[in-house]
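Step one of this worksheet: look at the structure below.
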Amino acid sequence: MQETHTLETIPTPAFVVDMKALRKNASILKEVADKSGAHILMAQKAFSCYATYPELAKYLSGTTASGYHEARLGYEEMGKPFGKETHVYAPAFTSEDMEKLLPICDHIIFNSINQWKTHRNRALSFVKSTRTPSFGLRMNPEYSEIETDIYNPCVTGSRLGILRELVDRELGTATVTEDIWDSSIFAGIEGLHFHTHCEQGFGPLQRTIRVIEEKFGDLLSLPQIKWLNLGGGHHITKNDYDREGLISEVKRLSEKYNVTVYLEPGEAVAIDAGYLIGTVMDIVENGMKIAILDVSAACHMPDVLEMPYRPPLKGAFEKDEKPYTYRLAGNTCLAGDVIGDYSFEKELRVGDRLYFLDMAMYTMVKDNTFNGMPLPSIWLQNDGGEVIGVKEFGYDDFKARL
Ligand SMILES: *Cc1c(COP(=O)(O)O)cnc(C)c1O
């Protein structure tokens with residue numbers, strides 16, 4: 001992997017991170033952070049290609065994690081070497097998790113009152129020499145504009161976050177004062193976390209904040225509450241995102257409640273910042289032409305099936321828009337391992353290379369070896385177009401997990 005390549009010469013299947021595009025996203029986020037005072041973290045669940053962390057560290061406040069492994073990666077690759085923040089949230093932590101998270105995390109966010117009760121004594125008695133982690137609770141404001149239930153944390157019956165009524169039940173009152181908070185189980189909680197967005201603009205955030213202020217404004221006003229984390233799902237780096245609106249809203253919230261505002265986008269960091277490159281292995285016919293590729297929806301881009309969506313492909317068009325239409329499908333035994341139908345100006349041939357776009361986020365972190373499918377190698381493309389190898393995988397990686 002030492003030799004350098006171009007996009008056209010690397011062996012497939014391969015993920016290539018476009019460093020120029022990644023840097024552009026990161027610099028937009030830095031500008032928002034600088035102008036608003038928000039701390040912007042990268043949610044590693046979307047993108048954990050840590051070879052890029054030294055570059056991202058120049059622009060971001062740190063990383064957030066969905067559990068111990070991601071938290072440790074964020075700490076080892078960005079937090080510790082670059083003096084950045086490491087945050088973590090999970091629906092539940094074990095005591096073993098807590099022992100490992102306390103020394104490496106700046107914020108630890110609990111999903112339920114019971115989780116806080118379980119870990120509170122250990123958490124509050126832990127004092128690190130250099131810094132003490134800050135503890136927060138994830139709240140469920142029961143308001144989200146996400147229309148796909150699988151991505152909606154406020155869907156009926158959701159396990160994600162604490163309802164306001166549960167806080168009141170715990171305190172035995174709906175009027176919360178400084179003294180009541182301090183003499184309750186909540187003493188030691190310094191922040192509130194809300195995550196209710198997915199690929200959304202500023203409008204939904206503004207409306208969500210209105211609900212958050214109505215339902216949780218009294219808690220945010222407590223002097224004990226020092227930070228407000230507005231989660232991820234903000235499409236901040238999209239061209240049409242109202243960044244000025246976001247900046248003024250972050251400033252207003254920070255001033256009104258005397259809190260540091262955190263944003264933790266995943267997608268916005270890595271959107272449109274990479275390729276998945278595949279090769280046509282065969283073309284078969286069954287009512288239409290079907291190209292079998294060495295990249296798989298099921299193994300390499302599972303969101304294509306989960307969301308579902310049809311990923312953009314360089315040089316390809318809608319079905320039947322151009323003379324040659326193909327169904328593109330993976331080399332697995334899953335009948336539904338179909339990436340989508342696309343048309344082309346020219347006939348596809350065995351050996352042709354295909355460049356799927358916007359493949360940096362929610363791909364590498366989700367890929368798997370179902371059917372023993374090879375994992376795509378990972379490469380970084382620098383500003384000059386040169387592509388440098390990061391990692392390749394083989395049989396041992398497949399075997400090691402089983
Ligand atoms: C998924 C998630 C994120 C990141 O979401 P994106 O849509 O990738 O921006 C941030 N925080 C939490 C708690 C999440 O669950």
Side-chain angles (χ1 to χ4, degrees), residues 22 25-26 28-29 32-33 38-49 52 56 59-71 73-74 78 85-93 101 105-112 115 135-141 144-155 158-162 191-202 204-205 208 212 227-238 241 243 246 261-274 301-303 306-307 309 358-366:
L22 191 70
N25 289 338
I28 291 171
L29 295 170
V32 169
H39 289 214
I40 302 187
L41 312 165
M42 177 176 73
Q44 294 176 99
K45 79 163 191 238
F47 182 73
S48 305
C49 180
T52 68
L56 288 173
Y59 302 92
L60 301 172
S61 290
T63 60
T64 188
S66 319
Y68 170 63
H69 286 168
E70 283 187 2
L73 185 71
M78 196 185 296
E85 297 175 50
T86 304
H87 293 218
V88 68
Y89 155 81
F93 298 113
L101 290 169
C105 290
D106 296 281
H107 284 195
I108 300 179
I109 297 155
F110 298 91
N111 183 61
S112 71
Q115 271 276 300
F135 305 108
L137 297 175
R138 176 167 178 174
M139 299 296 181
N140 177 354
S144 171
E145 298 187 16
I146 299 173
E147 279 164 8
T148 317
D149 281 355
I150 190 178
Y151 295 118
N152 183 357
C154 301
V155 70
S158 171
R159 71 193 180 292
L160 306 170
I162 302 164
L192 301 184
H193 177 282
F194 297 87
H195 171 74
T196 61
H197 286 67
C198 181
E199 301 185 333
Q200 279 159 317
F202 178 62
L205 178 62
T208 304
I212 289 175
W227 51 266
L228 165 64
N229 186 324
L230 293 170
H234 317 290
H235 250 178
I236 303 169
T237 49
K238 280 268 184 175
Y241 192 95
R243 292 190 276 270
L246 175 64
V261 174
Y262 286 84
L263 300 167
E264 45 180 39
E267 182 153 339
V269 177
I271 195 165
D272 271 330
M301 38 184 152
D303 277 0
E306 188 179 294
M307 197 122 184
Y309 82 108
D358 194 12
M359 281 291 158
M361 57 173 202
Y362 290 107
T363 49
M364 278 169 259
V365 291
K366 282 192 158 190

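Both ligands and their constituent atoms are indexed starting at 1 by order of listing. No hydrogens, no waters, no symmetry mates; every other heavy atom, side chains included, goes into these values. Keep in mind it's a predicted model, so treat the numbers as computed, not measured.
Ranking the protein heavy atoms by distance from atom 4 (C) of ligand 1 puts Ala43 CB, 3.5 Å first. Scanning the protein heavy atoms around atom 13 (C) of ligand 1, the nearest turns out to be Glu264 OE2, 3.4 Å. Nearest protein heavy-atom neighbour of atom 8 (O) of ligand 1: Tyr362 OH, 2.6 Å. Distance from atom 5 (O) of ligand 1 to its nearest protein heavy atom, with residue and atom name: Gly233 N, 3.5 Å.
His195 places no side-chain N or O within donor-acceptor distance of the main-chain N or O of Pro153, the cut-off being under 3.5 Å. Between the side chain of Asn25 and the main chain of Ile271, a donor-acceptor pair closer than 3.5 Å is present. Using a distance-only test at 3.5 Å, with no hydrogens or angles considered, no donor-acceptor pair links the side chain of Asn140 to the main chain of Ile162. For the pair Gln200 (side chain) and Gly233 (backbone), a donor-acceptor distance under 3.5 Å is absent.
Taking the side chain as every heavy atom from C-beta outward, His234 and Tyr241 approach each other to under 4.5 Å. Residues Glu199 and Met307 form a side-chain contact, since some pair of their non-hydrogen atoms from C-beta on lies under 4.5 Å apart.
Asp303 and Tyr309 form no side-chain donor-acceptor contact under 3.5 Å, judged by distance and modelled atom types alone.
Using a 4.0 Å cut-off between heavy atoms, Lys45 contacts ligand 1 through its side chain alone, with no backbone atom that close. Both the backbone and the side chain of Glu267 come within 4.0 Å of ligand 1, judged by heavy-atom distances. Only the side chain of His193 comes within 4.0 Å of ligand 1, counting heavy atoms alone; its backbone N, CA, C and O stay farther away.
Two rings, from Phe93 and Phe110, have their centers less than 6.0 Å apart.
Contact between Glu199 and ligand 1 is absent, with no heavy atom of the residue lying under 4.0 Å from the ligand. Not a single heavy atom of Cys198 lies less than 4.0 angstrom from ligand 1.
In terms of polar-atom proximity, Gly266 is counted as a contact of ligand 1, with an N or O under 3.5 Å from an N or O of the ligand.
Counting the atoms of ligand 1 from 1 in the order shown, those under 4.0 Å from a heavy atom of Pro265 are 9 (O).
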